[in-house]
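The block underneath contains the structure these notes are about, expressed in structure tokens.
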Amino acid sequence: MAKAEKAQKTPRLPTQVIAAISAAADKQALDLVVLDLRKAAGFTDYFILCSGSNPRQIRAIADGVLAALATDGAKPAHMEGYDRSEWVLLDYFDFVVHVFAPETRVFYGLERLWGNAERIDYEGGRPTSGDRRRGL
């Protein structure tokens, strides 16, 4: 296989990030994306972004992530937006989970704001083909 034809390798993600991705996927999270902010001079290493189709699903996704990470003893340092369920933020210091209503996600456009971060798209908790892209 020629060098140009080699498949790009998905970066190795921390165990807790993988657990959060799997938990969100188990709750049928939509448009699941990880932004690797380590080279983007961010205040955290990763953003996990996903959407829920309604407030009940948004809370279920957040609850799933909280429960999955609690099995390892991890608790978020900060949590916002759970009551309104338009944008739930779970801050675990090294990574932040954002669960959005679709219209709220479009309005704030975190993928656009952090366009210099490496983006990894997920479907069903697994990286999709062509998952590593710089910017948007």
Kindly indicate whether the side chain of I21, heavy atoms from C-beta on, has any atom under 4.5 Å from the side chain of V34.
yes

L35 vs Y46 side-chain heavy atoms within contact, under 4.5 Å:
no

What's the separation between atom CZ in R59 and atom CG in L66, rounded to the nearest 0.5 Å?
13.0 Å

Could you give the distance from CD1 (I58) to NZ (K27), rounded to the nearest 0.5 Å?
14.5 Å

Is D72 reaching over with its side chain to a backbone N or O of A74, donor-acceptor style, under 3.5 angstrom?
no

Does one side chain, of D31 or Y122, offer a donor that lies under 3.5 Å from an acceptor on the other?
no

Check R105 with E111, please: is the shortest side-chain N to carboxylate O separation under 4.0 Å?
yes

Given H98 and V88, is the side-chain contact (heavy atoms from CB on, under 4.5 Å) satisfied, shown in steps?
CA-CA 6 Å; H98 300 270; V88 177; over 6 Å; no

d(Q16 CD, T71 OG1) to nearest 0.5 Å is 9.0 Å

Are any of the side-chain heavy atoms of C50 and L32 separated by less than 4.5 Å?
yes

Expected output: side-chain T104 to main-chain F100 donor-acceptor under 3.5 Å
no

Taking all non-hydrogen atoms of both residues, which atom of D36 and which atom of A117 are closest, and how far apart?
O-CB, 3.4 Å

Distance (rounded to the nearest 0.5 Å) between E86 CD and F107 CZ
11.0 Å

With distance as the sole test, does T44 use its side chain to make a donor-acceptor pair with the main-chain N or O of D94 at under 3.5 Å?
yes

Same cluster or not: are L30 and V97 linked, directly or through other Ile, Leu, Val, Met, Phe, Trp or Tyr residues, by side-chain heavy atoms under 4.5 angstrom apart?
no

Are I61 and V106 grouped together when hydrophobic residues (ILVMFWY) are joined by side-chain heavy atoms under 4.5 angstrom apart?
no

Apply the test side-chain contact (heavy atoms from CB on, under 4.5 Å) to residues L37 and D45: give CA-CA distance (whole Å), side-chain angles for both, the deciding distance (0.1 Å), then the verdict.
CA-CA 5 Å; L37 302 172; D45 292 342; over 6 Å; no

Return the minimal non-hydrogen interatomic distance between A23 and G64, and the atom names on each side.
CB-O, 3.5 Å

Using the side-chain contact (heavy atoms from CB on, under 4.5 Å) rule, take L110 and W87 through it: C-alpha gap first, then chi angles, then the decisive distance, then the call.
CA-CA 12 Å; L110 293 185; W87 177 2; 4.0 Å; yes

Output for pair (M79 CE, L89 CG), nearest 0.5 Å, gives 10.0 Å

Please examine the side chains of L90 and Y92, heavy atoms only from C-beta on, and report whether any two atoms are closer than 4.5 Å.
yes

Rounded to the nearest 0.5 Å, what separates atom OG in S53 from atom CD in Q28?
10.0 Å

Do F95 and I48 come close enough that some side-chain heavy atom pair is under 4.5 Å?
yes

